[in-house]
Amino acid sequence: MPEKQGQFQRAITLFDAIMIVTGSMIGSGIFIVSADISRKVGSPGWLLVVWLVTGFITLAGAVSYGELASMFPKVGGQYVYLREAYNKLVAFLYGWSLFLVIQTGVIAAVAVAFARFVGVLVPWFSEDHILFSILGFKLNTVMLLAVLMLVGLTWVNAQGVRGGKLISNIFGTTKLVALALLIMFGLALGINQEALAVNFSDMWQAASFSPTGEAVPLSVWGLVGAIGLAMTGSLFSSDAWNNIGFSGDEIVRPERTIVLSMAIGTAIVTGLYLLINLVYLLVLPLKGSPDATDILGRGIMYTKGDLVATAVAESILGRAGAYVMAVLIMISTFGANNSIILSGARAYYAMAKDGLFFPRMARLNKAGVPGVALWAQCLWACGLCLTGSYGQLLNYVMFSVILFYVITIIGIFILRRTRPDAPRPYKALGYPVIPLLYVILASAFCVILLVSPETARDSGLGLLLVAVGVPVYFFFGKRFASRPESKVKA
């Protein structure tokens, strides 16, 4: 007897969708990456510019992308949009990259970040605490906890969409309230006159700072490159706004809800990110010394472990602030990974339905969710966790993510020409200017990653991983072409 399949349940409301968008976007990055950004651009003004440009790009992408979401509000999201605008090959290359590194890479990175912050409260969880070593591979307790987190969240989501959305709602609202409180406490109690005087008297002197504290002034073109490199962290922190589109068949009134949730969610997160960076600058001086022993002396640039938010909380609340921030980041990363895990498996399901991925991924379990796709995603993400390579994953992920966003937004122009009469419940805001600005700015970011010595290798490997998908596409297409689930023409 074949396994009985369930059906997708339209259980995700507008509120749920907004919580999935904000929950997916807010992980650990906003609490950490401003330190690295400040070292790359060297001044408070340019730090804020990086976040402003990132916010503009993210919002421009969301309000443009919404046109495609309203046209094709189906499970699979961006995979479906690319299939309809281009063909199954382009869509597969996205889905392949999504499974190989984009979605699973983010899941792994966020899980490792969660485990690291648990270590603040429970020191047993440490990358220095090796459980065993074999043939050069070392399993530490951070890796173990990251894997256990992914297995637990995958199990919850395999029980049905209602459990996954409940976790997103609880943790999403909690982190939004906590971030708002952190901003309010910082503005009300944390303003440091010394930091205020230093940061806002010299806002625009751009320089690149080394890990040992040496400064190199930046030329105009050097500054452009530095901003592009710095945006790797800020764009990573602002990514995953598109994940809600993957769950199209599970959303109430998807043609409306997906567009609204992306617009509202990205606006909320962008506003919070700008405010929290302003708080960082009001509480801590940007510049500091890596050899200093106190928080103010190290500044934002050289905060221990790049934990800027923790240093700010300690400055306001004393030692207790470190524990408060650890709990907040644990909540944030746990909720983020739940939303990302929930969403990603739907794309692999859509690929399998088109006959381009493993057949069992095209099945829904009795709870009406793609259980096999969820567990396959979990298995690969756990493998990435065990590599312990957070920084490289970040570079692989961001190049591939932005590349496919560019290709997808270009799809709006293509579909306006090839399907001018197709129903468009929502049309891209500011078309064609805003979508075109997104394509130009995001493409420039990809070029900077490819040509910069710091990121060229990882970005090139990310591009290679996409290219490897071409022979894999023909392998899967030939192997599964006769499957009854394959209903979409190439």
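In what follows, every heavy atom counts, from backbone to side chain, and hydrogens, waters and symmetry copies are set aside.
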K.L.:
Counting only heavy atoms not in Phe56, do more than 12 sit closer than 6.0 Å to its CZ atom?
P.N.:
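Buried by this count: over 12 neighbours within 6.0 Å.
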K.L.:
Using every non-hydrogen atom in the two residues, find where Gly27 and Thr333 come nearest and quote the distance to one decimal.
P.N.:
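Gly27 and Thr333 have their closest heavy atoms at C-CG2, 3.9 Å.
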K.L.:
For the residue pair Val369 and Glu250, what are the closest heavy atoms and their distance?
P.N.:
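Result for this residue pair: CG1-OE2, 4.2 Å.
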K.L.:
Less than 4.5 Å apart, any side-chain heavy atom of Leu296 and any of Leu284?
P.N.:
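Yes; the side chains approach each other to less than 4.5 Å.
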K.L.:
By side-chain hydrogen bond (donor to acceptor under 3.5 Å, both in side chains), which residues pair with Thr13, not counting sequence neighbours?
P.N.:
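With sequence neighbours excluded, Thr13 shows a side-chain hydrogen bond (donor to acceptor under 3.5 Å, both in side chains) to Asp16, given in chain and number order.
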K.L.:
Has Thr154 got a side-chain atom pairing as donor or acceptor with Val151's backbone, closer than 3.5 angstrom?
P.N.:
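Not confirmed, Thr154 side chain does not pair with Val151 backbone.
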K.L.:
Just by modelled atom types, is the Ala35 backbone N or O under 3.5 Å from a matching donor or acceptor in the Ser38 side chain?
P.N.:
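Side chain of Ser38 to backbone of Ala35: a pair is present.
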K.L.:
Roughly how far, to the nearest 0.5 Å, is the CE atom of Met361 from the OH atom of Tyr349?
P.N.:
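One finds 13.5 Å between OH of Tyr349 and CE of Met361.
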K.L.:
Would you say that more than 12 heavy atoms from the other residues, nucleotides or ligands in this model lie under 6.0 Å from the CZ of Phe185, or not?
P.N.:
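Counting neighbours around CZ of Phe185, 12 or fewer heavy atoms of other residues, nucleotides or ligands fall under 6.0 Å, so no.
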K.L.:
Between the main-chain N or O of Pro285 and the side-chain N or O of Glu194, is there a donor-acceptor pair closer than 3.5 Å?
P.N.:
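The answer is no, because no donor-acceptor pair under 3.5 Å joins these two groups.
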K.L.:
I'd like to know if the side chain of Arg346 reaches the main chain of Leu342, judged simply by a donor and an acceptor atom lying under 3.5 Å from each other, with no hydrogens or angles considered.
P.N.:
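It does hold such a pair.
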K.L.:
Would you be so kind as to tabulate the donor-acceptor pairs closer than 3.5 Å made by side chains of residues 177-184, with sequence neighbours excluded?
P.N.:
none

K.L.:
Hey, is the main chain of Lys74 close enough, under 3.5 Å, to the side chain of Asp249 for a donor-acceptor pair?
P.N.:
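Side chain of Asp249 to backbone of Lys74, a donor-acceptor pair under 3.5 Å: no, none is there.
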K.L.:
Using modelled atom types only, decide if a donor and an acceptor are shared between the side chain of Tyr273 and the backbone of Ser237 within a distance under 3.5 Å.
P.N.:
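Pair found, side chain donor or acceptor close to backbone of Ser237.
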K.L.:
Provide the full list of side-chain hydrogen bond (donor to acceptor under 3.5 Å, both in side chains) pairs with a residue in residues 279-296, sequence neighbours left out, each pair given once.
P.N.:
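The answer is none; no pair qualifies.
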K.L.:
Evaluate ring pair (Phe, Tyr, Trp, His ring centres under 6.0 Å) for Phe99 paired with Phe357, printing each intermediate quantity in order.
P.N.:
CA-CA 11 Å; Phe99 181 80; Phe357 222 29; 5.6 Å; yes
K.L.:
Considering all heavy atoms of both residues, which atom of Trp46 and which atom of Trp204 are nearest to each other, and what is their separation?
P.N.:
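In this case the closest contact between Trp46 and Trp204 is NE1-O, 3.3 Å.
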K.L.:
Could you tell me which non-hydrogen atom of Leu274 sits nearest to which non-hydrogen atom of Leu48, and how far apart they are?
P.N.:
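In terms of heavy atoms, the two residues are closest at CD2-O, 4.4 Å.
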K.L.:
Any idea which heavy atoms bring Tyr302 and Gly213 closest together, and the distance?
P.N.:
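So the minimum-distance heavy-atom pair works out to OH-CA, 3.1 Å.
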K.L.:
Would you verify whether the NZ or CZ of Arg319 falls within 45 degrees of the ring axis of Tyr323 while also being under 6.0 Å from that six-membered ring's centre?
P.N.:
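Yes, a cation-pi geometry holds between Arg319 and Tyr323.
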K.L.:
List the residues meeting side-chain hydrogen bond (donor to acceptor under 3.5 Å, both in side chains) with Ser34, not counting sequence neighbours, and say none if there are none.
P.N.:
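Counting only residues at least two positions away or on another chain, Ser34 forms a side-chain hydrogen bond (donor to acceptor under 3.5 Å, both in side chains) with Trp51, Asn277.
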K.L.:
Just by distance, no angles: are the side chains of Ser339 and Ser168 close enough, under 3.5 Å, to form a donor-acceptor pair?
P.N.:
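Present: a donor and an acceptor within the cut-off.
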K.L.:
Determine whether a donor-acceptor pair (N or O, by modelled atom type, separation under 3.5 Å) exists between the side chain of Asn199 and the backbone of Leu281.
P.N.:
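Between the backbone of Leu281 and the side chain of Asn199 there is a qualifying donor-acceptor contact (under 3.5 Å).
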K.L.:
What donor-acceptor contacts under 3.5 angstrom involve side-chain atoms of residues 373-386, with partners at least two apart or in another chain?
P.N.:
from: Gln377; atom 1: OE1; to: Tyr348; atom 2: OH; distance (Å): 3.2
from: Gln377; atom 1: NE2; to: Ile341; atom 2: O; distance (Å): 3.2
from: Trp380; atom 1: NE1; to: Leu100; atom 2: O; distance (Å): 2.7

K.L.:
For Tyr65 and Tyr438, I'd like to know if the aromatic rings sit close, meaning centre-to-centre distance below 6.0 Å.
P.N.:
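No, too far apart.
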K.L.:
I need the minimum non-hydrogen distance between Thr232 and Phe445, along with the two atoms involved.
P.N.:
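Thr232 and Phe445 have their closest heavy atoms at N-CE1, 3.7 Å.
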K.L.:
So, do Val279 and Leu187 sit near enough that their side-chain heavy atoms are less than 4.5 Å apart?
P.N.:
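Yes - at least one pair of side-chain heavy atoms lies under 4.5 Å apart.
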K.L.:
Please report the C-alpha distance between Phe15 and Thr173 in whole Å, then the side-chain angles of each, then the deciding distance to 0.1 Å, and finally whether the side chain to side chain contact (heavy atoms under 4.5 Å, CB included) criterion is met.
P.N.:
CA-CA 10 Å; Phe15 176 78; Thr173 52; 3.6 Å; yes
K.L.:
Counting distance only, does the side-chain N/O of Ser452 pair as donor-acceptor with the main-chain N or O of Leu449 below 3.5 Å?
P.N.:
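No; zero donor-acceptor contacts below 3.5 Å.
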K.L.:
If you round to the nearest 0.5 Å, how far is NZ of Lys304 from CZ of Arg298?
P.N.:
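Going from CZ on Arg298 over to NZ on Lys304, the span is 6.0 Å.
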K.L.:
With sequence neighbours left out, which residue pairs that include part of residues 98-114 fulfil the salt bridge (Lys or Arg N to Asp or Glu O under 4.0 Å) condition?
P.N.:
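Residue pairs with at least one partner in residues 98-114: there are none.
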K.L.:
Counting only N and O atoms by type, is there a donor-acceptor contact under 3.5 Å from the side chain of Asn157 to the main-chain atoms of Gly163?
P.N.:
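The answer is no, because no donor-acceptor pair under 3.5 Å joins these two groups.
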K.L.:
Short question: side chain of Ser64, backbone of Gly61 - any donor-acceptor pair under 3.5 Å?
P.N.:
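Not at all, since once roles are kept as given, no pair shorter than 3.5 Å links the two residues.
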